[in-house]
Amino acid sequence: MHPLHGWALLHLLLVATFTQAEEQVCTQRGDPENPQLVKNGDIMLGGLFSFHTNWKERENTYMEKPLRLQCTSLNFREFQMAQAMLFAIEEINNSSDLLPGISLGYKIYDTCGSIARSVRVALSLVNSNEMAASPAEECTRPAQVQAIMGETSSSPCTAIATVMGPFHIPLISHFATCACLSDKIKYPSFLRTIPSDYYQSRALAHLVKHFGWTWVGAVRSNEDYGNNGMATFIETAQHLGICVEYSVSFFRTDPSDKIQKIIDIIKASTSKVIVTFLSHMDLDVLLHELSGHNLTGYQWVGTEAWISDSQTAEGDINHILDGAIGLSIPQAHVTGLREFMLDVRPLNSSNADLFSEFWEALFSCKFRLSKSTEIQRECTGEEDINGVENSFTDMSLMPIFNNVYKGVYAVAHALHNILGCNKTCDKNKQLDPITILQHIQRSNFTTKEGDRVFFNKNGDPAAKYEIINWQPGENGIVNFVTVGLYDATLPANKQMNLQNKSIIWTQNSPEVPVSVCSETCPPGTRKVLQKGKPVCCYDCMSCAEGEMSNSTDAVTCVRCPPESWSNDRRDVCIKKEAEFLSYDEIMGILLTAASLFGTCITSFVAFIFYRHRKTPLVRANNSELSFLLLFSLTLCFLCSLTFIGRPSDWSCMLRHTAFGITFVLCISCVLGKTMVVLMAFKATLPGRNVMKWFGPTQQRLSVMSFTLVQVIICILWLTISPPFPSKNIKAYKDKIILECALGSAVGFWAVLGYIGLLAMLCFICAFLARKLPDNFNEAKFITFSMLIFCAVWITFIPAYVSSPGKFSVAVEIFAILASTFGLLICIFIPKCYVMLLKPDRNTKKHIMGKGAAK
């Protein structure tokens, strides 16, 4: 070790030794604090109550010791709570079942609503009031009190609990609800007999949501109770879709201009519901300012701090809070407490000054009349409390008094177990604060009124609330009507239970007030947020086509299933209408009639040809191919019927293959007739013997060969990827087109291409034979018919591709019928004309004669 370090250590030890020798006593800094109410007993309990709610501000000069706090504004409510504590102690002392042979005493201090004073007097409860001269080891003696009852507000409790925590002295509050006090790391010795705001804040949010209020204002006390409670409410409200338009805070000692700003914010707001986390003292200040502005018509939502406080109701002379609704501690009754509380004379035995002030305020009199001009009544000390009505005689806060009562009994039961009481208790047992705290935390007993008392791991009781509604009564008195219950111990969907009682809202209206930033979006619309505003402010936009919403305030529209479409109101999806070319509609009827008409005409032509089959005109035009051509034309007319009607597996395969094969058969016959005509004249040339290659057998084989190729194409198409019925949901938004999918587009276009190839070949051959003798004008008719055929099918392709739905089927049928009629009319009608109307031309001489003249 370095020599300098050694000397420094020695110096430190010497200083510590001499200091210890000099300081042989504990010295209290500052003036001693004397309790306002005191009674000795075997075991002492402490009490902290704000008998006064304010104090006079003094400016310190720092030249002399600050004066004591001068408390003002007497608070009868706190006297009532102190009386509840004294009642419980007296009842326990008179009981032979609880702590027999042990008397409980008390020391009760007035905190004056000051946090600093609360901490100071709490330390006075732990220590004695001796200024000095006590031996040093005396500082380690047990605390003066074994438990402390109080404080009423959350902020003083957080300060006191922070100081008392290291000493493990139980602090049991009857009215401090801040959720922050459930933190056992920060406040290990804090317990309470009132539920935590953790539950109340959430209950308020669910209450607001229940009535459909999504646009609210928030006002809170600027201290732990208001700040923490409102923070939890806002967090829960946001999860429930509730928006807070404004959130402002103040404290009752704030300057009036700050409260004026809050009033201006309320005036400028559009929300009609105000959620409060205010102490009754802060609310009284706010009400006083609001009264000057006549701000009525707002729906107030309150907490247990004021919602069932008759003193607050009496102070609302302008009916600003009419119709208020909120949560309150469940009603309670403690037998004998009211009578004990109204007997105030025992209070005179502790503090004469405080009792005199209390007596004067209670009876509105003075023991010593001043020389002021005010009319004063002299106190006699014999006034009868039964003759007055004020906040002290009002028992509307009995649930809170019951909390004080239960807190004292929790300590008594813990002491009873620690001292091993049966008929007697072990008075010699040393009491340890940690042991007392642990026994209180494990308390589980039932009061004489049947209330079960226990604490959870955070030192909180079970959370149960009544939902209170302010309703007008007789003589302007407000009735606190219970309209529902909230029990946090039940499942989430059963926690809130509103009873079937009529609720009176603001301005005595029976209708639930509306407080929303934007009106509810009806079904068929969706919410679109307004730029720069909370999520509760939105516009309602109609759902797009094919989408729907069937609930109010829908965030998104749901797209309908592929086979459905939204109705005009966009609130339901309806099944799309299936569309196909049917026999029942006009277009289907006309095309069917045209097909049957063509079939009949073809049959009639065949009949005429059959009747004149031995005439020169029929024999000269190859009667066998003529009849085969008429047969194929009949099939062409009939195959168009397969395109009409609801598509099925068989109809889809049949329509295209039947069309392809029959048309190839038809074109093959025409091609055969053309080749025969062409070769017949070419064979007349010297040295040509080509007709042997175009005899009847060769003609039949050529027709069969050409047709067989198409049959093979169709078989391959049907084998590899056949046409099949499908639902086209893209052509129309609100319709389903039932059609035949091609399966293989290559197969379809191969069938059409082969027909087109034969048609072009036939057209070329007929064109080459167009200048043959006039009487042998078959080639001219064939040329003209092929010209019509090719024109029809060339125009068919773009028309087919561009026609939607069933119209594409109609285009294909029209092309089939038009080209078939073209062949029938151009090839056969002229011959029928000759056979029926010009029989004189139907002779071999006429035909051959014309040919010879040429």
Side-chain angles (χ1 to χ4, degrees), residues 47-51 53 75-89 91 108 110-111 113 148-157 171-178 181 190-197 199-200 203 221 225-226 229 276-284 302-314 326-338 340-342 390-411 447 449 451-453 455 459-468 478 480 482 486:
L48 301 177
F49 300 96
S50 297
F51 295 141
T53 59
N75 186 359
F76 284 146
R77 292 300 192 201
E78 296 293 315
F79 275 97
Q80 289 179 307
M81 294 172 192
Q83 283 281 73
M85 176 179 173
L86 300 186
F87 173 74
I89 291 175
E91 196 173 73
I108 298 177
D110 178 14
T111 64
I148 300 174
M149 315 307 298
E151 241 259 25
T152 301
S153 302
S154 296
S155 290
C157 281
L171 174 66
I172 305 177
S173 175
H174 51 276
F175 210 42
T177 58
C178 179
L181 289 165
F190 178 81
L191 303 100
R192 53 185 158 196
T193 52
I194 189 169
S196 164
D197 280 339
Y199 303 102
Q200 181 173 215
S221 296
Y225 168 72
T276 66
F277 253 94
L278 295 169
S279 68
H280 70 91
M281 294 175 286
D282 291 336
L283 181 60
D284 291 342
T303 59
E304 90 298 331
W306 62 267
I307 197 66
S308 58
D309 191 337
S310 59
Q311 188 174 354
T312 301
E314 290 174 6
L327 302 178
S328 175
I329 305 303
Q331 293 297 318
H333 174 73
V334 181
T335 305
L337 177 57
R338 185 179 187 279
F340 180 89
M341 194 173 289
L342 296 180
N390 52 32
S391 59
F392 185 79
T393 61
D394 175 53
M395 296 295 153
S396 60
L397 294 186
M398 184 60 74
I400 310 304
F401 307 153
N402 186 41
N403 287 344
V404 180
Y405 179 83
K406 291 189 289 187
V408 176
Y409 263 85
V411 176
T447 67
E449 306 297 342
D451 295 335
R452 186 181 169 212
V453 180
F455 303 96
D460 300 327
K464 295 181 180 180
Y465 300 96
E466 289 180 349
I467 302 174
I468 301 297
V478 175
F480 304 123
T482 300
Y486 184 89

Does the side chain of Ser50 come under 3.5 Å of the side chain of Asn75 through a donor N or O and an acceptor N or O?
no
For Phe79, the ring-ring contact (aromatic ring centres under 6.0 Å, His included) test, sequence neighbours excluded, returns Phe51, Phe358
Atom CG in Leu191, atom OG in Ser173: separation rounded to 0.5 Å?
10.5 Å
Output all residues satisfying ring-ring contact (aromatic ring centres under 6.0 Å, His included) with Phe49, sequence neighbours left out; order by chain, then residue number.
His174
Sequence neighbours excluded, the answer for salt bridge (Lys or Arg N to Asp or Glu O under 4.0 Å) partners of Asp451 is none
Using the test side-chain contact (heavy atoms from CB on, under 4.5 Å), find all partners of Ala463 that sit at least two apart in sequence or belong to another chain.
Pro195, Tyr199, Tyr465, Ala488
Can you tell me how far the CG atom of Asp197 sits from the OH atom of Tyr225, to the nearest 0.5 Å?
5.5 Å
So, Thr482 versus Gln331: side-chain donor-acceptor pair below 3.5 Å or not?
no
Sorted by chain and residue number, the side-chain contact (heavy atoms from CB on, under 4.5 Å) partners of Glu314 (sequence neighbours excluded) come out as none
Tyr409-Tyr405 aromatic ring centre distance below 6.0 Å
yes
Using salt bridge (Lys or Arg N to Asp or Glu O under 4.0 Å), reason through Asp394 and Arg338 one step at a time and then give a plain yes or no.
CA-CA 9 Å; Asp394 175 53; Arg338 185 179 187 279; over 6 Å; no
For the residue pair Glu78 / Thr152, report whether a side-chain donor-acceptor contact shorter than 3.5 Å exists.
yes
Residues at least two apart in sequence or cross-chain that pass ring-ring contact (aromatic ring centres under 6.0 Å, His included) with Phe340, listed by chain then number, are Phe87
Measure the spacing between CD of Gln311 and CZ of Arg77 and express it to the nearest 0.5 Å.
5.5 Å
